[in-house]
Colleague: 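Here it is, the structure, as structure tokens.
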Amino acid sequence: MKKSRPSPENFENGIERLEQIVLLMEKNEIPLEQALTLFQEGIELIKSCNKSLDVAEEKIQVLLEDTNGEFKLTTMEKDKE
Amino acid sequence: MSEILSISELNNVIFSTLKKEKLLQNCWVTGEISNFKHHVPSGHWYFTLKDSKAQIKGVMFKGQNAKVQFSPENGIKVMVRGSVRIYEKDGAMQFYVEEMYPSGLGALYLAFEQLKKKLMDEGLFLDDRKKPVPRFPKKIGIVTSSTGAALRDIINVARRRNPGIGLLLIPAAVQGQSAPAEIAHAINIANCMTTVDVLIVGRGGGSLEELWAFNTEIVARAIAVSEIPVISAVGHEVDYTIADFVADLRAPTPSAAAELAVPLLSDLQDGLQKYREKILLALKNQIERKRFRLLELERNDAISKPLWRVEQKRRDLEKLTKQLLTGMTGFVSDRSGILKLVSSKLDLLSPLAILGRGYSLAYDSHERVIRSIKEVEKNSEINLKVYDGKLKCRVADIFADISNE
């Protein structure tokens, strides 16, 4: 089995943890203090996940290699998009 | 009369003449294979190349034929590069092949089937080799031609679904001779030099020949070893290439690939909203449960007033004490009468008075009162206590009273 690359830290891990928090809070009765702590953590996670979605439109990048085997990362010209 | 040549000289002239003709030293030729023979110990290939009107004998030595990407069969058309030479010893003229490719649809299909079987047997198409495509990618890599329609389609669909998604193009020719190597190279450098979360590899629609690069072994292997998940996006819905079989996910078109790779921004936002609602509700429920339990406890006296029993007892005690006090005062005022009665009663019950009336108390040698004949043996020593002293006696005889049994 090949190993897979690490996925984007913020969003994916945030969703995983949110899923966990919901499970914990919906399960049985938990101590009030724990419920409040989990709630707090959940709200913070939702805030930061929403923030990471608020990314502005980026230019399209192009990876070019010249004849010497050197790489250059450029952006695509506007008219090509 | 001109010169008379020997056979060796004749063949030599032919040899040199051929050598001088540049075209014959390196040319591309197309023809159909027949009389194909794979010579076993040497590994050389011997065959005939022909078209409808003519033919020529051909040979491809092991060193070159090992690189051929398919196994030629009689009847299939090939495209070969090589030279024409005469073997001086026997005057036989042959086409010495250095490169061979399948040509024409029949040959292409054959090559396709052969490679498909070979890679399938290696297990490269197995489901458990396929990596999952990331659910929330930040950046998408695209391997395609910088001028083709596929790139435009992918960009449009991706931006529409999520304007903020990162896009990185690694350009490569998608048809022609250089395409297979360029595509494979692009996949490799994507793995080494970029941080994309998923790769879309593909091109727009075309004929089998135009899509051919995605049926080559070099591209298939580059996809197979890619650590970045690969979505293949070649041609139209009906086109299936070897790249599609090896990829971690197949998309029927480049646009579809963008749909598979890029989650809808609105879906992500809705999902977060759902989580917010869920945890809010969960917290409310947790608090409700606790509140309910508290109410129950309050209702149950036994627990809300843990000292009630003590209270009860205290109250009873107060009542009794009051009764006793009133009783006592009555008692005290009537003291003389009652006391006289009580003292005379006591008198009657006093042990001394009983002895005075003539009764005696029998004791055994251990100072225990004897109440029954069963406690005494004949000839044993007993003591008798009378009003004014003690008598030491010996049991002469024992008689039982029948009425008392």
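Just so we're on the same page: letters track the sequence lines, and every chain starts at 1.
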Colleague: Could you go step by step and tell me if B:Leu167 and A:Met76 meet the side chain to side chain contact (heavy atoms under 4.5 Å, CB included) rule?
Modeller: CA-CA 10 Å; B:Leu167 297 169; A:Met76 212 169 219; over 6 Å; no
Colleague: Given a strict heavy-atom distance threshold of 4.5 Å, which part of A:Lys47 is in contact with chain B: side chain, backbone, both, or neither?
Modeller: neither
Colleague: Step through the shown structure and confirm whether more than 12 heavy atoms of other residues, nucleotides or ligands are within 6.0 Å of OH on B:Tyr240.
Modeller: no
Colleague: Heavy-atom pairs under 4.5 Å with chain A - which of B:Ile287, B:Ile165, B:Ile189 has more of them than the others?
Modeller: B:Ile189
Colleague: Where do B:Gln286 and A:Met25 come nearest, in terms of heavy atoms and distance?
Modeller: NE2-O, 2.9 Å
Colleague: Is it the backbone or the side chain of A:Glu65 that comes under 4.5 Å from a heavy atom of chain B, or both, or neither?
Modeller: side chain
Colleague: Between B:Ile142 and A:Ile60, is the side chain to side chain contact (heavy atoms under 4.5 Å, CB included) condition met? List the steps.
Modeller: CA-CA 10 Å; B:Ile142 310 168; A:Ile60 300 161; 5.9 Å; no
Colleague: Once you round to the nearest 0.5 Å, how far does NZ of B:Lys290 lie from CD1 of A:Ile30?
Modeller: 7.5 Å
Colleague: Do you know which of A:Asp54, A:Leu36, A:Leu18 has the most heavy-atom pairs under 4.5 Å to chain B?
Modeller: A:Leu18
Colleague: Pick whichever of A:Leu73, A:Val55, A:Val62 has the most heavy-atom pairs under 4.5 Å with chain B.
Modeller: A:Val62
Colleague: Side-chain polar contacts of residues 251-271 of chain B - donor-acceptor pairs under 3.5 angstrom, sequence neighbours left out - could you list them?
Modeller:
from     : atom 1 : to       : atom 2 : distance (Å)
B:Thr253 : OG1    : B:Ala256 : N      : 3.1

Colleague: Looking at chain A, which one of B:Leu283, B:Leu151, B:Asn285 has the largest number of heavy-atom pairs inside 4.5 Å, strictly under?
Modeller: B:Leu283
Colleague: Contact between A:Leu53 and B:Leu272 at the side-chain level, heavy atoms closer than 4.5 Å - yes or no?
Modeller: yes
Colleague: Within the supplied structure, the quantity of interest is the number of heavy atoms (other residues, nucleotides, ligands) at a distance under 6.0 Å from B:Arg293 CZ; does it exceed 12?
Modeller: no
Colleague: Does atom CD (A:Gln40) have a neighbourhood of more than 12 heavy atoms from anything else shown, all under 6.0 Å?
Modeller: no
Colleague: Do you know the tightest heavy-atom contact between A:Val22 and B:Lys278?
Modeller: CG1-CD, 3.8 Å
Colleague: Do you know the tightest heavy-atom contact between A:Glu26 and B:Ala282?
Modeller: CG-CB, 4.1 Å
Colleague: Name the region of A:Phe71, side chain, backbone, both or neither, that has any atom closer than 4.5 Å to a heavy atom of chain B.
Modeller: side chain
Colleague: Quick one: list whatever passes ring pair (Phe, Tyr, Trp, His ring centres under 6.0 Å) with B:Phe125, sequence neighbours left out.
Modeller: B:Phe245
Colleague: Considering heavy atoms only, which positions within residues 168-181 of chain B lie below 4.5 Å of chain A?
Modeller: B:Leu168, B:Leu169, B:Ile170, B:Pro171
Colleague: Could you tell me which non-hydrogen atom of B:Arg289 sits nearest to which non-hydrogen atom of A:Glu29, and how far apart they are?
Modeller: NH1-N, 3.3 Å
Colleague: At a 4.5 Å cut-off on heavy atoms, which part of B:Leu280 comes close to chain A: side chain, backbone, both, or neither?
Modeller: both
Colleague: Quick one: list whatever passes salt bridge (charged side-chain N to carboxylate O under 4.0 Å, His left out) with B:Lys274, sequence neighbours left out.
Modeller: none
Colleague: Report yes if some heavy atom in the side chain of B:Tyr275 is under 4.5 Å from a heavy atom in the side chain of A:Ile21; otherwise report no.
Modeller: no
